[in-house]
Structure formats: C-alpha cells, structure tokens
Amino acid sequence: EVLLLHHGVLLEKRTIPELAEALDGKVWEVVTGDAETEELLDSFPCSSLVNKDGRLCVRIVSEEKPRESAVSCRAMLEDVYLFRFGDREE
C-alpha cells in the first residue's frame, strides 16, 4: 500500500493499482511536433516527454482531453503524484 501524505496529514491509503485506476480517463498521450509541444507544456501538467521517431510524445494529466488526437492511457505512480500534488503551492 501507498500512503499519500501532505504536511503530515494522511490524504489517502491505497494500493498502486487502486491509485492508478482512480485516474482512468485523466492521463493522455499526445504525439506532437516542436511547435505544438511548447503550447501543451504551458497549458497542461506533463508527467513525461519521450522522443518517438523524431516526434515528441507528451504524457499529460488532465481531466479534459487536451487535443482531439490525444489517446487515453493507464496511469502510473508518477501521474498520481502529479495529479495530487503537482499544482500545490507551499
């Protein structure tokens, strides 16, 4: 099990598969060219960027589909962290 804590307060206690399942429909991959990549990175939280055959695959965590070409994918623990803590101000 994974414990999600924030400033010593327990937010959640679940297994990794349960945490990932909670993000179904909120993790997307978009294959882009250079010009579109910067716009995506400015507009959405990004958990990874991978070069695939000269184009970039941007992994985005968002409740809304970021682009028509976006493909929903299974969440990983990094995506859970970004979704829960990525935009918190300390």
Side-chain angles (χ1 to χ4, degrees):
E1 287 189 300
V2 175
L3 303 176
L4 295 180
L5 300 169
H6 184 64
H7 295 294
V9 176
L10 179 64
L11 300 177
E12 221 169 330
K13 178 182 175 184
R14 292 187 181 186
T15 65
I16 292 174
E18 288 171 338
L19 289 168
E21 187 177 306
L23 288 185
D24 280 353
K26 296 178 179 142
V27 181
W28 310 90
E29 287 188 351
V30 182
V31 178
T32 71
D34 290 336
E36 188 181 17
T37 300
E38 190 170 331
E39 179 187 337
L40 284 170
L41 295 177
D42 288 341
S43 302
F44 298 96
C46 170
S47 63
S48 73
L49 247 146
V50 178
N51 189 330
K52 286 187 178 180
D53 300 322
R55 295 183 48 88
L56 291 173
C57 181
V58 182
R59 189 175 180 94
I60 292 171
V61 180
S62 173
E63 295 198 39
E64 63 187 59
K65 189 173 183 176
R67 294 282 185 274
E68 190 60 38
S69 62
V71 176
S72 183
C73 55
R74 184 144 175 85
M76 298 185 297
L77 196 53
E78 295 88 345
D79 303 312
V80 172
Y81 179 86
L82 183 61
F83 185 78
R84 291 303 302 259
F85 304 109
D87 62 354
R88 289 185 187 245
E89 293 185 21
E90 299 303 313

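As a basis for the values below, the full set of heavy atoms in this structure was taken, side chains included, without hydrogen atoms, waters or symmetry mates. Starting from 1, each residue takes its place in the sequence as its number.
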Is there a side-chain contact between [X] and [Y], using heavy atoms and a 4.5 Å cut-off?
| X | Y | result |
| --- | --- | --- |
| Glu12 | Leu3 | no |
| Lys52 | Glu29 | yes |
| Leu41 | Leu49 | yes |
| Val27 | Phe83 | no |
| Trp28 | Ser72 | yes |

Between [atom1] on residue [X] and [atom2] on residue [Y], distance to nearest 0.5 Å:
| X | Y | atom1 | atom2 | result |
| --- | --- | --- | --- | --- |
| Lys26 | Glu64 | NZ | CD | 12.5 Å |
| Asp79 | Leu19 | CG | CG | 11.5 Å |
| Thr37 | Arg55 | OG1 | CZ | 8.0 Å |
| Leu23 | Ser62 | CG | OG | 11.0 Å |

Task: Electrostatic pair Arg67-Glu39, nearest N-O below 4.0 angstrom - done: yes
[X] to [Y] - nearest heavy-atom pair and separation:
| X | Y | result |
| --- | --- | --- |
| Pro66 | Leu40 | CB-CD2, 4.4 Å |
| Lys65 | Ala70 | CE-O, 3.1 Å |
| Val30 | Thr32 | CG1-CG2, 3.5 Å |

TODO: Would you sort out whether Leu4 and Lys13 count as a side-chain contact (heavy atoms from CB on, under 4.5 Å), showing the intermediate values?
DONE: CA-CA 6 Å; Leu4 295 180; Lys13 178 182 175 184; over 6 Å; no
